[in-house]
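Counting starts at 1 for both ligands and their atoms, following the listed order. One is the number of the first residue; the rest follow in order along the sequence.
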Amino acid sequence: MRVLVFGRDGKVGAVLMQSLAAAAHDVLGVEAGEPVDFGGVDAAVDFTTPAAVLGNATAALAAGVPCVIGTTGLDDDDLAQLDRQAREMKTQCFVAPNFALGAILMMRFAAEAARSFAQAEIIELHADTKLDAPSGTAKATAAAMGGDVPIHSVRLPGLVAHQEVILGGPGETLTIRHDTTSREAFVPGVLLALDRIRGLPHGLTVGLDALL
Ligand code: NAP
């Protein structure tokens, strides 16, 4: 596939540029302010910033190019706009708050455990360069657990992406923890999304769970 990567020089984008090429994709990278040519592009991938992602994705969808979005910070109105536009253009938009397989399992286990514990809190820890808080993964985890779960955000140099879900009951706690130690963790999920995107229904699909 010919894949356009928005955020070419970013921490995730740089890993994707190499990994997608190694997976035999024809990869084209774009950075902020550079002109974009969607000619011959089969799919676009966005790992940029909360301020840039909507503009990039709407431009790609307007050109009829399906989008795989990893950038976090999109709100419900943004998602509704992407859904509407993808439907109008009869194409697909896929958004995942987390492309790491272990993180998807952590969310599933937390949802299961929440049925047995009355109280829980989430601590999410990311690099200090992450612009949004709480993280998209923490919000998705809280929603899967029933919604009313306090989230604590830590931003420090040296961290990549980590999350602990602590559930408490009389005389016991249960901790479910996921650690992303390298951004290579996101590559298999992005490759899977690219493989499946054109087979998805027109409009918006959210979450790697939908592809597993
Ligand atoms: P990063 O290192 O800050 O990279 C973002 C890159 O996007 C930068 O190179 C930035 O360039 C570039 N950029 C900004 N505006 C752009 C535009 N309009 N067009 C093209 N490129 C543009 O951030 P990161 O750590 O790679 O993370 C990127 C996003 O992905 C964040 O929202 C993060 O939360 C999210 N993320 C999601 C997952 C997931 O699994 N869903 C995993 C990791 C990260 P400048 O530096 O010049 O502004």
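Judged by distance alone, with hydrogens and angles left aside, the side-chain atoms of Asp132 form no donor-acceptor pair with the main-chain N or O of Ser135 at under 3.5 Å.
In this structure, the separation between CG on Leu125 and CZ on Arg155 is 8.0 Å, given to the nearest 0.5 Å.
Below 3.5 Å of separation, one finds an N or O of Val12 facing an N or O of ligand 1. For ligand 1, the polar-atom distance check finds no N/O of Gly13 at less than 3.5 Å from any of the ligand's N/O atoms. The shortest N or O to N or O distance between Phe99 and ligand 1 is below 3.5 Å. Distances between N or O atoms of Phe186 and those of ligand 1 include no value under 3.5 Å. Taking only nitrogen or oxygen atoms, main chain and side chain alike, Ala100 does not reach within less than 3.5 Å of ligand 1. For ligand 1, the polar-atom distance check against Ala96 finds a nitrogen or oxygen pair separated by under 3.5 Å.
The nearest protein atom to atom 4 (O) of ligand 1, hydrogens excluded, is given as Gly10 CA, 3.2 Å; this is a heavy-atom distance. What sits closest to atom 39 (C) of ligand 1 on the protein, heavy atoms only, is Pro97 O, 3.5 Å. The protein heavy-atom contact nearest to atom 10 (C) of ligand 1 is Glu31 OE1, 3.6 Å. Annotation: atom 3 (O) of ligand 1 to nearest protein heavy atom, Lys11 NZ, 4.1 Å.
For the residue pair Thr137 and Gln163, no side-chain donor N or O sits within less than 3.5 Å of a side-chain acceptor on the partner. One side chain, Lys11 or Thr129, offers a donor N or O that lies under 3.5 Å from an acceptor on the other.
Hydrophobic clustering places Leu208 together with Val15 (ILVMFWY residues linked when any side-chain heavy atoms are closer than 4.5 Å, directly or through intermediates).
Near Gly70, meaning under 4.0 Å from any of its heavy atoms, are these atoms of ligand 1: 30 (O), 35 (C), 36 (N), 37 (C), 38 (C), 39 (C), 41 (N).
Contact annotation for Leu131 and ligand 1: no heavy atom of the residue comes within less than 4.0 Å of the ligand. Here Lys130 has side-chain heavy atoms under 4.0 Å from ligand 1, and that is the only part of it that gets that close.
Closest to atom 16 (C) of ligand 1 by heavy atom, among Ala161, Ala32, Gly33, is Ala32.
The closest approach between a heavy atom of Gly73 and any atom of ligand 1 is not below 4.0 Å. Residue contact annotation: Thr72 has a non-hydrogen atom under 4.0 Å from ligand 1.
The existence of a salt bridge linking Arg177 and Asp179 is confirmed by a sub-4.0 Å separation between a basic side-chain nitrogen and an acidic carboxylate oxygen. Looking at Glu124 and Lys139, no side-chain N of the basic residue comes within less than 4.0 Å of a carboxylate O on the acidic one, giving no salt bridge. Using a cut-off of 4.0 Å between Lys/Arg side-chain N and Asp/Glu carboxylate O, Asp26 and Arg2 are scored as salt-bridged.
Classified by interplanar angle (parallel below 30°, tilted 30° to 60°, perpendicular above 60°), the ring pair Phe99/Phe47 is tilted.
Phe94 pairs with exactly one of Leu211, Val206, Val190 by the side chain to side chain contact (heavy atoms under 4.5 Å, CB included) rule, that one being Leu211.
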